[in-house]
Amino acid sequence: MPILFHENAREFHLYNDQISYIMQIMKNDQIANLYYGSCIRDRENFSYLVRTKYCSEAAYTSVDEDHKLSLQYIQQEYPSYGTSDFRYPAYCIKQNNGSSITNFTYKSHEIFPGKKKLPGLPATYVESEEEATTLEIRLVDDLINTELVLSYTIFEGLPVIARNVRFINLGVAAICLERVMSACVDLPEDDFTMVHLVGAWGREHYVKERELGEGIQGIYSMRGSSSAEHNPFIALRRNNTTQFSGEVYGFSLVYSGNHLEQVEVDHNNMTRVIIGIHPDTFQWELTAGAMFQTPEAVMVYSDKGINGMSQTFHQLFRNRLVRGYWRDKARPVLVNNWEATQTAFTEEKILQLAAKAKELGIEMLVLDDGWFGDRDGEEAGLGDWYVKNNKKLPDGIEGLADKIERIGLKFGLWFEPEMVNKDSDLYRQHPDWIIHTPGRFQSPSRFQHVLDFSRKEVIDYIYDLMDKCLSKAKISYVKWDMNRYITECYSVTQLPEQQGKIFHQYVLGVYDLYERLISKYPTILFESCSSGGARFDPGMLYYAPQAWASDNSDAIDRIKIQYGTSYVYPLSSIGAHVSHVPNLQNGRTTPLSTRGNVAFFGAFGYEMDLGELSEDDSKQVKEQVEFYKKYVKLFHKGTFYRMDNPFSKDVASWMVISEDRNEALVGYYRLNLSVNCGWKYLKLTGLDPDKLYSVNQGSQLSYGDELMKIGIMIDEFEWEMQNIEYGSKIVHLLCVENKEVS
Ligand code: GLA
């Protein structure tokens with residue numbers, strides 16, 4: 001069993017063949033962390049790692065007669081504020097008498113095979129008990145009669161620990177949870193660089209790095225969703241760590257609402273990471289007998305560089321976070337009408353698009369925004385999830401879906417279930433159903449408002465409308481959008497003291513609606529979307545196996561977006577489409593081949609008027625679709641490596657390789673036009689050095705060691721000759737024999 005408890009030393013050792021995580025119940029009965037990192041051998045006692053010293057500036061814990069145990073020197077598991085540690089805490093509980101001082105001490109623990117589900121929340125899971133082992137440590141604060149359970153799951157064969165925390169009020173008085181982070185990790189050193197994904201609409205998930213300094217650094221969202229601005233992920237890499245080697249600690253929050261990832265470096269050169277629901281927009285009254293469950297935080301350790309960390313996240317999220325029918329299936333190649341028509345479509349136009357798509361080998365047509373209510377632009381209709389005036393769709397959605405199926409394509413449909421326009425039947429009937437603060441201005445965004453998903457009757461109403469639509473028409477795919485952030489957060493049905501709950505309850509409501517729909521329609525493929533990638537997070541992946549990565553479909557910008565997204569999220573989850581040029585968002589013209597070569601490394605599709613393609617381009621699209629279908633398994637299940645970094649170079653490259661290392665696909669992209677730039681030696685990675693690979697169907701035969709040490713010679717001369725800007729190449733490798741080892 002990979003979790004040991006040493007009774008004499010009162011130490012826990014969570015380990016597998018890659019990581020060790022060691023904790024001790026200290027003499028004050030609180031929990032310290034002694035070590036987190038690469039796997040080390042087990043010992044009866046690691047207590048020499050508890051940092052104690054007498055210093056006149058320090059405060060000491062009550063049980064400590066020799067004045068040596070000060071919490072400010074201790075790497076703690078779940079620290080509080082206000083006794084002998086002055087760093088930012090992991091939790092804070094306001095009590096009836098106004099105090100926030102607590103003392104949770106060890107009472108018992110349980111080690112069991114497998115992993116529990118988190119009630120109402122998304123989380124990683126196991127399919128059999130052998131896949132993971134869980135430790136739950138039960139701590140109690142006797143004065144307020146409240147229990148705190150720290151939960152740790154270590155996965156077999158993966159350098160992953162998944163954590164969560166739950167509070168149970170066993171007393172008679174209510175308490176107020178003001179901060180409940182999902183995890184805290186104290187590391188004994190500070191030679192780290194913080195890595196995170198920043199952005200905005202149209203440039204989501206850009207990679208940002210900054211060396212840690214004393215004080216606070218962090219990222220967050222208080223926008224009501226995980227946001228395009230800061231993805232709920234941070235990593236600490238050693239300062240000398242690269243994509244390929246060195247240590248990295250990655251932290252990802254399985255949650256879609258307000259979040260905080262904060263790193264504090266203190267005067268003892270210790271580094272504290274906290275990750276969880278953002279405390280500034282949260283307050284939870286925990287009544288007698290009630291329980292509060294935090295979201296899950298996933299911690300990944302890598303000593304194989306940043307690629308190593310990403311590969312672990314990919315493997316875990318692809319196989320044990322994404323669920324259901326579509327988890328292991330090849331995703332259909334689709335065409336979405338949004339960039340082609342926006343809301344101004346006719347049924348005839350959609351059917352033409354479908355017919356052309358069928359001719360090109362595309363498998364699904366997705367009808368985007370504009371099919372419901374009085375929707376002819378952004379200003380009306382959201383909330384009315386039914387065809388109201390049949391001028392666009394004479395036979396409704398059912399009729400259209402039938403016609404699309406008759407053409408031989410599957411049919412997908414766009415919804416924005418959490419939103420409402422004031423110009424809608426829904427709003428006219430239920431003006432109090434939007435999130436708003438009485439007496440205050442209701443800030444519109446994109447002419448729309450957010451429905452109060454903390455209220456069950458609101459969710460029930462939307463469920464009924466969607467259920468009616470999905471049960472009547474042949475719908476195989478749902479694109480679930482969420483196109484604005486939450487302002488004036490308040491729920492008119494809740495008491496004043498409950499208003500701190502609304503942001504979190506809203507997210508729970510979204511999860512609830514998803515759960516009801518995917519349970520009733522398990523074979524529908526859900527894609528989440530939020531003006532592109534504004535809610536691209538692990539919480540969503542539990543319900544929707546893929547997410548639209550960005551409204552910016554320009555191939556060159558997409559390289560950066562997909563490169564950054566791949567830090568955490570598997571290629572199978574990254575919605576990526578080939579679109580029209582000049583690009584709708586930035587006006588750039590790129591070759592069709594490059595647009596395809598970028599989108600292949602994702603959940604592939606088209607977002608353009610296929611009817612406008614020239615004969616040559618149609619032929620090329622047909623080839624792209626065939627190519628993708630042939631290699632979809634490799635793209636989605638292969639091990640992905642980033643190589644050339646588009647944020648620091650004018651080229652980018654990446655590759656996927658099959659698990660047996662017999663086949664690989666490499667993408668190489670030029671981000672600008674260059675003249676007389678010579679040859680590039682693209683050094684591959686992850687290959688078997690002893691295998692002989694056929695490069696591009698036999699045009700070159702090279703061993704893995706050559707391809708990794710010398711590289712593939714990329715000659716860009718042809719692009720120069722033909723003045724091709726933004727050229728790209730896909731290189732295919734196939735093992736043709738194993739080298740004889742003499
Ligand atoms: C968002 C999505 C787009 C499209 C539009 C429709 O911006 O990201 O893909 O669905 O909404 O309004």
Side-chain angles (χ1 to χ4, degrees), residues 199-205 223-229 231 256 334-345 349-350 353 364-385 392 397 411-421 423-424 444-451 466 475 477-485 510 525-537 540 544 546-555 557-558 561-562 565 573-580 583-586 595 599 602-609:
W201 174 85
R203 55 177 169 83
E204 296 88 345
H205 304 157
R223 294 162 190 266
S225 79
S226 50
S227 88
E229 284 68 17
N231 199 257
S256 310
L334 62 85
V335 60
N336 178 305
N337 73 308
W338 179 245
E339 288 200 15
T341 66
Q342 307 230 328
T343 52
F345 56 82
K349 179 81 191 164
I350 297 301
L353 191 57
M364 179 183 285
L365 181 132
V366 176
L367 180 62
D368 211 282
D369 190 356
W371 60 269
F372 48 88
D374 294 315
R375 188 74 164 175
D376 280 319
E378 290 180 342
E379 295 182 29
L382 290 175
D384 299 342
W385 301 110
K392 283 190 203 168
I397 284 295
F411 178 65
L413 195 57
W414 183 93
F415 289 89
E416 200 179 355
E418 300 150 71
M419 297 294 157
V420 67
N421 290 114
D423 187 356
S424 67
S445 176
R446 226 195 183 215
F447 301 97
Q448 63 195 58
H449 295 266
V450 185
L451 287 170
M466 291 180 78
I475 294 171
Y477 164 108
V478 166
K479 177 173 170 187
W480 179 320
D481 215 334
M482 195 272 189
N483 280 322
R484 64 158 291 177
Y485 295 135
V510 173
L525 173 59
F526 281 80
E527 175 166 286
S528 77
C529 175
S530 180
S531 305
R535 198 168 62 180
F536 197 138
D537 59 60
M540 279 293 124
Q546 58 191 60
W548 180 228
S550 179
D551 279 352
N552 186 344
S553 57
D554 167 58
D557 284 355
R558 268 299 186 120
I561 293 167
Q562 290 174 214
T565 307
S573 70
I574 304 175
H577 297 172
V578 173
S579 64
H580 175 77
N583 182 266
L584 187 69
Q585 308 303 349
N586 66 9
R595 282 174 272 152
F604 184 74
Y606 290 81
E607 186 105 5
M608 54 160 58
D609 189 347

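Remember, it's 1-based here, ligands and their atoms both numbered in the order they're listed.
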Separation between CG of L367 and CH2 of W338, rounded to the nearest 0.5 Å: 10.5 Å

D384 bridged to R375 by N-O distance under 4.0 Å: no

Passing candidate, ring pair (Phe, Tyr, Trp, His ring centres under 6.0 Å) with F415, options W385, F526, W480: W385

Short N or O contacts of ligand 1 with protein, under 3.5 Å, listed by atom name?
from	atom 1	to	atom 2	distance (Å)
ligand 1	7 (O)	D551	OD2	2.7
ligand 1	8 (O)	G532	N	3.0
ligand 1	8 (O)	D551	OD1	2.5
ligand 1	8 (O)	D551	OD2	3.2
ligand 1	9 (O)	K479	NZ	2.7
ligand 1	9 (O)	W548	NE1	3.4
ligand 1	9 (O)	D551	OD1	3.4
ligand 1	10 (O)	D368	OD1	2.6
ligand 1	10 (O)	D368	OD2	3.2
ligand 1	10 (O)	W414	NE1	3.0
ligand 1	10 (O)	K479	NZ	3.0
ligand 1	10 (O)	D481	OD2	3.3
ligand 1	11 (O)	R446	NH2	3.4
ligand 1	11 (O)	D481	OD2	3.0
ligand 1	11 (O)	N483	ND2	3.2
ligand 1	12 (O)	D369	OD2	2.7
ligand 1	12 (O)	R446	NH1	3.2
ligand 1	12 (O)	R446	NH2	3.0

Point-to-point distance, once rounded to the nearest 0.5 Å, from CZ of F447 to CD of E378: 6.5 Å

Side-chain H-bond candidate by donor/acceptor type, D609 with T341, under 3.5 Å: no

The single option from L584, D376, N337, D369 passing side-chain contact (heavy atoms from CB on, under 4.5 Å) against Q342: L584

